[in-house]
Visitor: 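Take this structure first; my questions come after.
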Number of protein chains: 2
Amino acid sequence: MPSKTTLKDLANLAGVSVSTVSKALNDSPEIGARTRQRIKDIAESCNYVPNNIARSLKSKSTKTIGVIIPAILIEFFNKVLYGIEQEATERGYKIVICLSNESSQKEAESINTFINGSVDGVILSVAEETQKSKVYDHFEKSAKHNMPMVMFDRVLDDITCDKVTVDDFDGAFKAVKFLSDLGSKNILFLNPISNTSVGQHREAGYVKAVSSLNQQPNIVNVSHYTEIEKTLTTVFKNQKIDAILAADEYSAALAQNAARLNNLDIPQDLSVIGFTNGMVAEYANPSLTVVSQHAENIGKIAAGILLDRIEGKLKTEPVNKVVKTKIVERNSTKKI
Amino acid sequence: MPSKTTLKDLANLAGVSVSTVSKALNDSPEIGARTRQRIKDIAESCNYVPNNIARSLKSKSTKTIGVIIPAILIEFFNKVLYGIEQEATERGYKIVICLSNESSQKEAESINTFINGSVDGVILSVAEETQKSKVYDHFEKSAKHNMPMVMFDRVLDDITCDKVTVDDFDGAFKAVKFLSDLGSKNILFLNPISNTSVGQHREAGYVKAVSSLNQQPNIVNVSHYTEIEKTLTTVFKNQKIDAILAADEYSAALAQNAARLNNLDIPQDLSVIGFTNGMVAEYANPSLTVVSQHAENIGKIAAGILLDRIEGKLKTEPVNKVVKTKIVERNSTKKI
DNA sequence: TTGAAAGCGCTAACAC
DNA sequence: GTGTTAGCGCTTTCAA
């Protein structure tokens, strides 16, 4: 923290008291126009900037919100972050970010980083490990401290706070319908994220939709992206599949590449839909039809709720906002 | 900023003075073991967490660094940010981020946000508008405030501060050599970022390398990605090109897609190399050979320098670190 | 071994 | 109109 001129310095230079300087700089009507201008000039010439830390201590408000995301290199989270930043900036707040890297411990540390008064509230998406272990101590702790908190996407039913979720069930359901309307009869669900709440909701939506069409669910769970090519090659050799719904964007791209390796033309022989509308989907060849979750918008909504909560604009009951998905049609799907 | 129990509260509960509590919680040897434990127990039961704002005010150190990047949705910056976060976390610092969105004004506002004592130092990459306009007032201001500052990737020669840059000239030079060694004789340079310093360095490296091979430079500048398909189609029709070096990842992917539209097989008929080793390059089909700038590493280096500077571990002269690029070979290039 | 007091930089109620 | 004073929550000398 670089050294700076303080109110006291200005007071000495101007030959007045500290409070006079403070009032003058804050345009208080108590101070005469002449003195005020004189003080302002001095401040200007000294490059005076008020110390925010001192202000925060006094005002008990930091104008800062904390964000905890599992990963920043996952484009969905990156986009949400972008949405949060926009809304926060618009409303005069800064954001400080911590990454949990899907680890419960880092998540807890991040909460602790924020619980000590350095932010006015927190936006977060739950780490995979936490969703598995179901150990929520750190969140209960932050709740005890009355820290305004909104969870998005990966949320915890057991924790009471504001929430913004994506209707993943409905998204998967709509995607299956979309494929079915195109003529697909054997739709496979490729899931690399089966251990997150999100992955499970998508699977459930898929199962429901497929069942309602009197088709058998055909689910392929993979624990790592590197397995996809081999696994799908086996599938292509032994089953007749005419569509794949992938639970995220990367698996959709890899499914597409695997299909090409097996001499399947997309979208002629096989339609592919992925979740998440990101760069990979956009620049893929053929470009991917996807279920968009409006990531940026989710960020804006979450930040909006948090700031309303911080500023006391919300009733006491927690908000529970569900965002609908939208299918963005590109070239990996086609009527057959 | 949620309400909290303070040292004073604990002092009242324990029937001792505030300073005793402070010392006890900080394990000062001045305090007896019994009292210390008793106070710690009380603090524990009250969920006491020391107020960081107050601490910062006292210590004149926020353990926070500010980051200003032009955009977060550009994967290169996202990766650098990831690197910064890792290094910062490792060394006990938080990061707060501001986006300039390539605007000088937002950049200046962000600097002002940081100059008021809320961070110990700043890492930034210069906004495109600032690079064009050459108006550097805000940076001079922050320099006046002795704010430790490191610029990365897009840096300003006129501003004295620590810098981390990529050897873009050498990167482009090596890429041309690489293509030439593969047998390419007509290498086109596709540049969608010709108005940034980075884009210009890459172009210069390309020109130098091509000239040294006694080939004519063939440069296509585009002002927007949407032009690429049409522009290249014209090129393919009228010239014989056997390789494309694209100044970023997205244009490389689009060049590849344009080639396919024109029935050119990659890498058989045409080799493609892009700058930036990101998701799009990795998931493209064929996967793209790229010039990697080690984005994550740049972030770590920049943060390392800044923290060394903040902690007084550096001599006074500014550090000027140049990071070499590396060619990551994939399937869009092949010996002909 | 514990406590009183000053001070980090700022704001604001109150007094002059 | 301007100054005095107290206080935000914490640390840290110095005194007891």
Side-chain angles (χ1 to χ4, degrees), chain A residues 1-40 42-43 46-64 114-120 145-146, chain B residues 1-40 42-43 46-64 114-120 145-146:
Chain A
M1 201 153 110
S3 71
K4 289 209 317 296
T5 39
T6 69
L7 279 191
K8 202 202 268 183
D9 300 332
L10 298 180
N12 286 147
L13 284 172
V16 296
S17 79
V18 172
S19 61
T20 304
V21 178
S22 171
K23 286 171 189 163
L25 295 179
N26 290 316
D27 286 319
S28 158
E30 291 181 33
I31 306 296
R34 268 198 318 286
T35 341
R36 186 190 317 176
Q37 194 50 52
R38 195 168 62 84
I39 292 174
K40 283 195 173 181
I42 296 177
C46 292
N47 292 305
Y48 172 76
V49 183
N51 181 315
N52 218 288
I53 300 290
R55 274 198 170 155
S56 291
L57 182 59
K58 188 102 250 263
S59 68
K60 295 175 157 305
S61 143
T62 61
K63 288 284 183 182
T64 304
F114 289 146
I115 223 173
N116 60 22
S118 35
V119 301
D120 296 343
H145 281 260
N146 307 313
Chain B
M1 202 153 110
S3 70
K4 290 211 314 299
T5 41
T6 69
L7 279 191
K8 204 203 268 183
D9 299 332
L10 297 181
N12 286 146
L13 284 172
V16 296
S17 78
V18 172
S19 57
T20 304
V21 178
S22 171
K23 287 170 190 164
L25 295 179
N26 290 316
D27 286 319
S28 159
E30 291 182 33
I31 305 296
R34 270 198 317 285
T35 341
R36 187 190 314 176
Q37 195 50 53
R38 196 168 60 84
I39 291 175
K40 283 195 173 180
I42 296 177
C46 293
N47 293 305
Y48 172 77
V49 183
N51 181 315
N52 218 289
I53 301 289
R55 273 197 171 156
S56 291
L57 182 59
K58 189 101 248 262
S59 67
K60 296 176 157 305
S61 145
T62 60
K63 289 284 184 180
T64 305
F114 289 147
I115 223 173
N116 59 23
S118 36
V119 301
D120 296 343
H145 281 259
N146 306 313

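Within every chain, numbering begins at 1; the chains are lettered A, B, ... in the order of the sequence lines, protein sequences first and strands thereafter. Bear in mind the structure is a predicted one, so any value in this text is a computation, not a measurement.
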Visitor: Just compare C:dT11, C:dG3, C:dC8 and give me whichever is closest to any side-chain atom of A:K8.
Guide: C:dC8

Visitor: When you measure from the side chain of B:K23, which nucleotide among C:dA4, D:dT11, D:dG3 comes out closest?
Guide: C:dA4

Visitor: Is any side-chain nitrogen or oxygen of A:T6 closer than 4.0 Å to OP1 or OP2 of C:dG9?
Guide: no

Visitor: D:dT11, C:dG9, C:dG3: which one has an atom nearest the side-chain heavy atoms of B:K58?
Guide: D:dT11

Visitor: Hey, which of these two, A:A54 or B:T20, hits DNA chain C nearer its 5' end, going by closest nucleotide?
Guide: B:T20

Visitor: Can a side chain N or O of A:T35 be found less than 4.0 Å away from OP1 or OP2 on D:dT2?
Guide: yes

Visitor: How far apart are the closest heavy atoms of B:R36 and B:I31, and which atoms are they?
Guide: NH2-O, 3.2 Å

Visitor: Among side-chain atoms of A:S19 and A:S17, is any donor-acceptor pair under 3.5 angstrom?
Guide: yes

Visitor: Does a side-chain N or O from B:R55 land closer than 4.0 Å to OP1 or OP2 of D:dG9, or not?
Guide: no

Visitor: Ignoring backbone atoms, test whether B:S17 places a side-chain nitrogen or oxygen under 4.0 Å from the OP1 or OP2 oxygen of C:dG3.
Guide: yes

Visitor: Does a distance-only test, which skips hydrogens and angles, find a donor-acceptor pair under 3.5 Å between the side chain of A:S19 and the base of D:dT4?
Guide: yes

Visitor: Looking only at side-chain N and O atoms, does B:Y48 come under 4.0 Å of OP1 or OP2 in D:dC10?
Guide: yes

Visitor: Just to confirm, is there a sub-4.0 Å distance from OP1 or OP2 of C:dT11 to any side-chain nitrogen or oxygen of A:N26?
Guide: yes

Visitor: Of all the nucleotides listed (D:dC10, C:dT2, D:dT2), which has the minimum atom distance to the side chain of B:N51?
Guide: D:dC10

